[in-house]
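This one's a predicted model, so the numbers in the text were calculated from it and none came from an experiment. So that the names make sense, note that chain A is the first sequence line, chain B the second, and so on, each numbered from 1.
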Amino acid sequence: MIEEITNQYDPQKIEKKVHDFWAEVEAYSKVREHRKGGKKFFFVDGPPYTTGHIHLGTAWNKIIKDSILRYRSMCGHDMIDRAGWDMHGLPIEVKVEEALGFTSKKDIESYGVGNFIEKCKEFALMQKDDMTGQFQMLGAWLDWKDPYMTLKDEYIEAAWWTLKQAQEKKLLEQGKRVVNWCPRCETAIADSEVEYEDRADPSIFVKFKIKDVEDTFVVIWTTTPWTIPSNVAVAVHPSFEYAKVKAVDADGKEETLIIASDLVENVLRKGRYVDYEILSTMLGEDLTSLSYESPLADKVPEQAAMEHGIYLADYVTAENTGCVHIAPGHGMDDFDVGKKHGLPIFCPVGSDGRYTEQAGEYAGMHIREANKVVIEDLNERGNLLSEATINHRYGHCWRCKTPIIYLATEQWFIKIGELKEEMLSEIAKVKWYPEWAGSARFKDWVEGARDWCVSRQRYWGIPIPVWKCNNCGKMHVVGTKTELQEMSGITDDIELHRPYVDEVLLDCECGGKMKRVEDVFDVWFDSAVASWATLRFPQQQEEFDKWWPADFITEGQDQTRGWFYSQLGASMVAFGKAPYKSVLMHGFTLDGEGRKMSKSLGNVIAPGDVIDEFGADSLRSFVLSASAPWDDLKFAKDELKNIHRTLNILWNVYRFPLPYMVLDNFDPSQVSFESVKPYLRKEDRWILSRAQSLVALVDDAMAKCTLHRALRAINEFVLEDLSRWYIQLIRPRTWVEADDPDKLAVYRVLYDVFVLTAKVIAPFMPHLAEEMYQNLVRNVYPDAPVTIHMTDWPLVDESLVDKDLETHMEMVRSIVESASNARQKVGRKLRWPVSRIVLTPVNQQATDAVTNLKSVLMDQTNSKDIVLTGIDESWDELGFEANPDPGAIGPVFKGDAGKVIGALKKANAVQLKKTLALEGQFELEIPGGTVTIKPEMVNFIETLPEMVASAQSTAGIIYVDATLNREIESEGFTREVIRRVQDMRKELNLAVDDSIRSHIQINDERVLDLVLDREQFIAKETRANVQVIGLDVDTSGSLEKDWDVEGISMSIGITKAN
RNA sequence: GGGCCCGUAGCUUAGCUCGGUGGAGCGCACGGCUGAUAACCGUGAGGCCAUGAGUUCGAAUCUCAUCGGGCCCA
């Protein structure tokens, strides 16, 4: 049987209880099991990195996923929803290094790679467990028991298999490329791992002496002086104009400089030259015959041996000097220029950021110290034109924040560039939410796709499965563990991580031994294969065939360049098609000020703190409703409180009828909906219809991924339809003591609406929904599904939908609100009846609404009568004045509209209205002529009679006639008295059915007379079995109070009667 | 510097597709209700719709530019 709930909404208690319950009955697995064989829905969880703690953004992410999956499940989908964990990579290495007090790769090598890997694994697994608990606190249902983990062998094999596909399709390449390099981590890092931040660097202008020409220099600009020892060439734009300038310094010394013409003044100002003269101008393409000398030839032997020429490049911009320093070993564009012209790829910097022997006298120096030294050397040699500091955006390693450098190194690449066109055509087939995430943003990113450097020179990652023969150099890519075992002859299990896998040697055809290359994969390659790794492919083909590609994924906008991209790239390599069918790109979480949340700003919100204060359901409802999924989410605590209040109201609404139902032994299994149907009132049919409309709206929102609309609709239903309206309307019916069919009808309707509401909120507020369900459904029908999340999503029952009724009620509500407004204007509170309310309806619907729902209207407005005029017909007790409508006037009179409006306002309203009504038009004089006014161009504002106030409602203008008469005054004062006695009863903490003795003294003969008209009524309402009302009454009692009622003084004394 | 998104009341936002006197909620002030009561309801004040220009009789809405915020890139 349904149980009464007496407590306030206590989310912590409810959620704890529900979590325990879910665990006890194994709700999650039962629900998934229940849907086996249903419509397939393959969801891939974007694996969070195992940092150890979730933040608001990751919480939001999982809440979106959970809500969508719960909805899908209720809609009958059989789903795959393994949670995922991204567990390899530098961040964990860095954490472990910190814990062990390491600062470089050498420390790791001496500690032992095997030991280090074990620590990393341990660390990742521990963090995973911590985070799982945190996600579960949110109520997020994913397959937590069997998640996919990038450190598992089965997962590693998916990556290996994928690389083998790349090799077989000739998309894998090893070669020297310029990569982003972190000199601390001593590894290449992906473009997507570079984080741009402001940084101060030197900004120097350097003069390179032109060979065989006296005192003539080409001027370049750079922010990386340490790359000057690696300079090989200068690039100019073929079609820019360059000038040879005779420049004179403060000492009168003259020299000739080559600079882009437009930039001469700027450069000379920097070099503090006092005078100059343009000797000649030429195009960039005319400069290529020149060659120059390295200013550091005496320090770097290779520089002395090298030819330095001037080359053409289209990417040169007209900034700084228009001549660009080219160091092919230290820049991507530089590298391209070098390759094109067959220049040496000179890179005298080692992986640790120190110059190598090739750097001559600089050898051993760290590039961070080198800037100063190089600048000094250039200055000494007279090659430094100017030196300053610049603040600019510079790339940093996003894990350890070290400024990156560019190094030409041997790396492994996947030739994504070749797949670009296919990728673009694939993303057009994917359904993107919102549409622009794919058509604009992602497309833009893919168009700029470059080859993907997948190798890293680290330890904790998926080893790159390439074995190379130390004899003949032959290469072999291993695709699976089995293949490795077969080829190596090892029958025992092989741990696929470093350093174990490194020890596995393969026999080469040439008789030599093949050894694995040392690199590991970029972690983005790990997560890139998630969609098939989660299906345990390549170990299992069948599941893959059945499910792949994913039906749906959703991640933050940063993943455009990240997971959306890496998955697409890997999938194109492996299968030639996109790995997902639909993608929801969600926003970022910002703090209350709209700044991003970051540790350094100290504005990070921990989801756990929010849950402790408001509960997970409030947090969920907040993040889902506060903004569209793809917009950024501002965390506003006030809004969270607001949402929490809404849940509290839902709780109160749900709680309200329970005591009555329990008292009456209401058993929904014995009172069918059919049996109460004849007794349904209009408002009952209305709330049933509203509930159906809510389901339809939520369905529509879910189809469009506009979760915020779903949540807002739910909140509005709870607040407006249930709490503020339906509950108010039906309250008196629940107080009826007899076994009244009218009351049973209300119980049944409330019951159905509550159960439906619980189902509708289930995907979003799963705990509260479960709590309601267990009481309302499981306590009544023990055979019902064990959890609400196993029930079917409600199908819209068209037989309950009555759109006209909904519209009518909306109009009635608007009229009631307006009546409140008008009452306030005329100074008549609701407790006092008014003699009549007059409505001028705007249309037939408004007329019908009033006719249809007159009793509701009279009841809620406390009005003795509702009077309708004809549609748009003025109430005949009114005066009026003209109000022009610019919307109708503008299109007709265009430039004269202002004059017409002005003239209309001044016109005689009575005559205007009459003429328009009779003739359908009015000739209006305006400055400079006469115009024809049509009825639609002007409205009329009424002026009101005495004691009448008006207000606009959507149904039309209403007039509240607050004229008093004896009956109204009697009722008003009577209710004032009752209200005060009730107030005192409450103060005495009396039970609802306790009786009292009351003594009421009213110090006004007229008012006393009015109140005495209803003496019996007062006694009944206040449960007084002794009641004395008079001019001079002894009001002593348990509680005694003096009151001022509308200026009349009263004394009331009450005592509990036994 | 480029791409995409966002900017509406003190705060959080609807409206923008398809132009016609800008709607809510919170907070504030005032009032109401009193068998959901540590709850609930009404009214009011509060908006150069980020700024500037353009198109138009008319722009929060369309166009362009600028400023500010976010994500991504150079």
Q: May I ask you to check whether A/H325 and A/W221 place their ring centres under 6.0 Å from each other?
A: no

Q: Any donor and acceptor pair, going by atom type alone, linking the side chain of A/S723 with main-chain N or O of A/E720 inside 3.5 Å?
A: no

Q: Any idea which of B/rG35, B/rC33, B/rC26 is nearest the A/D638 side chain?
A: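 Nearest nucleotide to the side chain: B/rC26.
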
Q: Quick check, are the ring centers of A/F635 and A/F622 under 6.0 angstrom apart?
A: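 Centroid separation for A/F635 and A/F622: below 6.0 Å.
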
Q: Just by modelled atom types, is the A/T861 backbone N or O under 3.5 Å from a matching donor or acceptor in the A/R823 side chain?
A: yes

Q: Please tell me if A/R441 has a side-chain N or O lying less than 4.0 Å from either OP1 or OP2 of B/rC5.
A: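 Answer no for this pair, as no side-chain N or O of A/R441 is under 4.0 Å from OP1 or OP2.
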
Q: Roughly how many Å apart are B/rU56 and B/rU13, using the P atom of each and rounding to a whole number?
A: 36 Å

Q: For residues A/H644 and A/F614, establish whether the separation of their ring centroids is below 6.0 Å.
A: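 Ring-ring flag for A/H644/A/F614: true, centres closer than 6.0 Å.
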
Q: Side chain of A/R1023, backbone of A/I996: donor and acceptor closer than 3.5 Å?
A: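 No; judged by distance alone, with no hydrogens or angles, the pair does not exist.
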
Q: Can you identify which nucleotide, out of B/rG3, B/rU13, B/rC26, has its nearest atom closest to the A/D444 side chain?
A: B/rG3

Q: Measuring only the C1' atom in each nucleotide, how far is B/rU43 from B/rA24? A whole number of Å is fine.
A: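 Taking atom C1' in both B/rU43 and B/rA24, they lie 15 Å apart.
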
Q: Determine the interatomic distance between P on B/rG23 and the same-named atom on B/rC16; round to the nearest Å.
A: 14 Å

Q: Given B/rG70, B/rC33, B/rC40, which nucleotide is nearest the side-chain atoms of A/L830?
A: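 The nucleotide sitting nearest to the side chain is B/rC33.
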
Q: Tell me the partner of B/rG25, counting only Watson-Crick (N1-N3 plus N6-O4 or O6-N4) or G-U wobble (N1-O2 and O6-N3) with both under 3.5 Å; none if nothing fits.
A: B/rC11

Q: Under 4.0 Å between any heavy atoms, over every strand shown, what does A/R712 touch: base, sugar-phosphate, or nothing? Just pick one.
A: sugar-phosphate

Q: With C1' as the reference atom in both, quote the distance from B/rG42 to B/rC5 in angstrom, rounded to an integer.
A: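 To the nearest whole Å, 39 Å.
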
Q: Just checking A/Y565: base, sugar-phosphate only, or nothing, at a heavy-atom cut-off of under 4.0 Å?
A: nothing

Q: Of all the nucleotides listed (B/rU43, B/rG25, B/rG35), which has the minimum atom distance to the side chain of A/E817?
A: B/rU43

Q: Give me the distance, rounded to whole Å, that separates B/rU66 from B/rA29 when you measure between the C1' atoms they each carry.
A: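 Roughly 39 Å separates the two C1' atoms.
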
Q: Can you measure A/E639 atom CD to B/rA24 atom P for me and round it to whole angstrom units?
A: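 In whole Å, B/rA24 P and A/E639 CD are 16 Å from each other.
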
Q: Distance check, P atoms only: B/rU61 and B/rG52, in whole angstrom units.
A: 13 Å

Q: To the nearest angstrom, how far is A/W725 atom CH2 from B/rG42 atom P?
A: 10 Å

Q: Just compare B/rG70, B/rG25, B/rU12 and give me whichever is closest to any side-chain atom of A/F588.
A: B/rG70

Q: With a 4.0 Å cut-off on heavy atoms, is A/R709 in touch with a base, just the backbone sugar-phosphate, or nothing at all?
A: sugar-phosphate

Q: When the distance from CD of A/E447 to P of B/rG3 is rounded to whole Å, what number comes out?
A: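 Atom CD in A/E447 sits about 13 Å away from atom P in B/rG3.
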
Q: Compare side-chain N and O positions of A/R823 against OP1 and OP2 of B/rG42 and report whether any pair is under 4.0 Å apart.
A: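 False: A/R823 side-chain N/O out of range (4.0 Å or more) of B/rG42 OP1/OP2.
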
Q: From the set B/rC4, B/rG35, B/rC26, return the single nucleotide nearest to any side-chain atom of A/N642.
A: B/rC26

Q: Should the ring pair A/Y654 and A/F754 be called parallel, tilted or perpendicular, given that the plane angle runs from 0 to 90° and is split at 30 and 60?
A: perpendicular

Q: Counting the benzene-type ring for Trp, do A/F442 and A/W445 have ring centres under 6.0 Å apart?
A: no

Q: What's the closest nucleotide to the side chain of A/D631 if the choices are B/rA39, B/rC72, B/rC6?
A: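 Side chain of A/D631 sits closest to B/rC6.
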
Q: In the strands shown, is B/rG52 matched to any nucleotide by a Watson-Crick or G-U wobble pair with both distances under 3.5 Å, and which?
A: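 Base partner found: B/rC64.
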
Q: For atom P, what is the distance between B/rC11 and B/rC30, given to the nearest Å?
A: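 Nearest-Å result for B/rC11 against B/rC30 at atom P: 23 Å.
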
Q: Select base, sugar-phosphate, or nothing to describe what A/S723 touches, counting heavy atoms under 4.0 Å on all strands.
A: base

Q: From C-beta outward on A/D558, which listed nucleotide comes closest to its side chain: B/rU34, B/rC72, B/rU13?
A: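 For A/D558, the side-chain atoms sit closest to B/rC72.
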
Q: On RNA chain B, does the nearest nucleotide to A/L722 precede the nearest nucleotide to A/W832 from the 5' side, or the other way round? Give the residue.
A: A/W832

Q: How far, in whole Å, is B/rC62 from B/rG15 if one measures between their C1' atoms?
A: 16 Å

Q: How many whole angstroms separate atom CG of A/L711 from atom P of B/rA14?
A: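 From A/L711 CG to B/rA14 P: 14 Å.
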
Q: For the CH2 atom of A/W630 and the OG1 atom of A/T706, what is their distance to the nearest 0.5 Å?
A: 6.0 Å

Q: In whole Å, what is the span from the NZ atom of A/K743 to the P atom of B/rG35?
A: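 Atom-to-atom, A/K743 to B/rG35, this comes out as 18 Å.
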
Q: How many whole angstroms separate atom CZ of A/R980 from atom P of B/rG35?
A: 14 Å

Q: Ignoring the backbone of A/I649, work out which of B/rC4, B/rC40, B/rC72 is nearest its side chain.
A: B/rC40

Q: Applying a 3.5 Å limit to both distances, which nucleotide forms a Watson-Crick or G-U wobble pair with B/rC4?
A: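 Here B/rC4 is engaged in a pair, and the nucleotide opposite it is B/rG70.
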
Q: Report the distance from atom CH2 of A/W651 to atom P of B/rA38, rounded to the nearest whole Å.
A: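 In whole Å, B/rA38 P and A/W651 CH2 are 17 Å from each other.
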
Q: Measure from CG on A/N715 to C1' on B/rG25 and round the result to the nearest Å.
A: 11 Å

Q: Are OP1 or OP2 of B/rG35 and a side-chain N or O of A/R979 less than 4.0 angstrom apart?
A: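 No, because none of the side-chain N or O atoms of A/R979 sits under 4.0 Å from OP1 or OP2 of B/rG35.
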
Q: If you find the nucleotide of RNA chain B closest to A/T560 and the one closest to A/Y660, which residue's nucleotide is nearer the 5' end?
A: A/Y660

Q: Please check the phosphate of B/rC40 (OP1 and OP2 only) for any side-chain N or O of A/R645 closer than 4.0 Å.
A: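 For B/rC40, OP1/OP2 do have a side-chain N/O of A/R645 under 4.0 Å.
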
Q: So A/I727, base contact, sugar-phosphate only, or nothing? Heavy-atom distance under 4.0 Å.
A: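 Base, at least one base heavy atom under 4.0 Å.
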
Q: Whom does B/rC30 pair with, Watson-Crick or G-U wobble, provided both distances fall under 3.5 Å?
A: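 Its partner is B/rG42 (Watson-Crick or G-U wobble, both distances under 3.5 Å).
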
Q: For the side chain of A/N652, counting heavy atoms from C-beta on, which of B/rC71, B/rG35, B/rA39 is nearest?
A: B/rA39

